[in-house]
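In this chain, numbering begins with 1 at the start of the sequence shown. Atoms within a ligand are numbered from 1 in the order they appear, just like the ligands themselves.
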Amino acid sequence: MTENKTFTMIKPDAVENGHIGAILEKITAAGFKIVALKYTQLSLRDAKEFYAVHKERPFFEELVTFMTRGPIVAAILEKENAVEDFRVLIGATNPAEAAEGTIRKLFATSIGENAVHGSDSDENAAIEGAFHFSGREVYA
Ligand code: GDP
């Protein structure tokens, strides 16, 4: 994956609360092109692997329990400067600290249940995109 792509998940809280459509609308309105899209549910093994970098953190068990409790929407997004621009669009990890108009400010309820994931680097965007999608599922 090149540097004009990022990876996102609409997390179980936002799916449960009926925000899939509104979040995808915010994403496309901000100029991101959806090049891969999937409605799926993470297994415990998937979630532990995806969030392995956080395995020593005190909230790890809570995080994997949350991320596996219901379906998610996974997507690869394309835009110039995708990783950085998407982090701006979603806002701070804690919705209480997220800027007005950001996806987390609008749709998240807590630091744990914060509606969306966004890759934090081009390298992780490539790893995370490949975790969820095979090459033939990406339509760039
Ligand atoms: P992000 O890059 O903004 O998603 O934030 P991090 O990489 O720091 O954390 C990954 C995910 O772990 C966050 O999006 C939250 O879902 C969760 N998380 C982070 N901090 C906390 C916390 O203090 N408590 C809980 N329960 N979850 C957290």
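By the 3.5 Å distance cut-off applied to N or O atoms, L63 is not counted among the residues near ligand 1. Ligand 1 has no N or O atom lying under 3.5 Å from any N or O atom of R57, backbone or side chain.
With atom 8 (O) of ligand 1 as the reference point, the heavy atom nearest to it among E62, H54, R104, M9 is part of H54. Residue N114 holds the heavy atom nearest to atom 14 (O) of ligand 1 of all those in V53, D13, N114, N124. Taking all heavy atoms of T93, I90, T65, V64 into account, the minimum distance to atom 3 (O) of ligand 1 is reached by T93. Closest heavy-atom approach to atom 21 (C) of ligand 1 among the candidates F50, F59, F66: F59.
Closest to atom 2 (O) of ligand 1 among all protein heavy atoms lies R87 NH1, 2.9 Å. At the top of the distance list for atom 15 (C) of ligand 1, counting protein heavy atoms only, stands I111 O, 3.3 Å. Of the protein's non-hydrogen atoms, G112 O, 2.9 Å is the one closest to atom 16 (O) of ligand 1.
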Q.
If you apply the rule side-chain contact (heavy atoms from CB on, under 4.5 Å), what do you find for H132 with I72, and how did you get there?
A. CA-CA 11 Å; H132 284 270; I72 61 157; 4.1 Å; yes
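E97 has no carboxylate O lying under 4.0 Å from a charged side-chain N of R104, or vice versa, which leaves the two without a salt bridge.
I10 and L77 fall within a single hydrophobic cluster, where Ile, Leu, Val, Met, Phe, Trp and Tyr are joined by side-chain heavy atoms under 4.5 Å apart, directly or via other members.
Ring pair F107/H19: centre-to-centre distance below 6.0 Å.
For E113, the closest heavy-atom approach to ligand 1 does not fall below 4.0 Å. Residue D120 places every heavy atom at 4.0 Å or more from ligand 1. Heavy atoms of M67 stay at 4.0 angstrom or farther from ligand 1. Heavy-atom distances between E61 and ligand 1 stay at or above 4.0 Å for every pair.
Residues Y39 and V73 come closest through the heavy atom pair CD1-CG2, 3.7 Å.
Seen from the ring of F133, K38 counts as a face-on cation partner, given the 6.0 Å and 45° thresholds. For the pair K79 and F32, the cation-pi test (distance below 6.0 Å, angle within 45°) is passed.
Ring orientation note: the planes of H117 and F7 are tilted relative to one another, at an angle of 30° to 60°.
Residues N114 and K11 bring a donor and an acceptor atom of their side chains to less than 3.5 Å of each other.
In K11, the part holding a heavy atom less than 4.0 Å from any atom of ligand 1 is the side chain.
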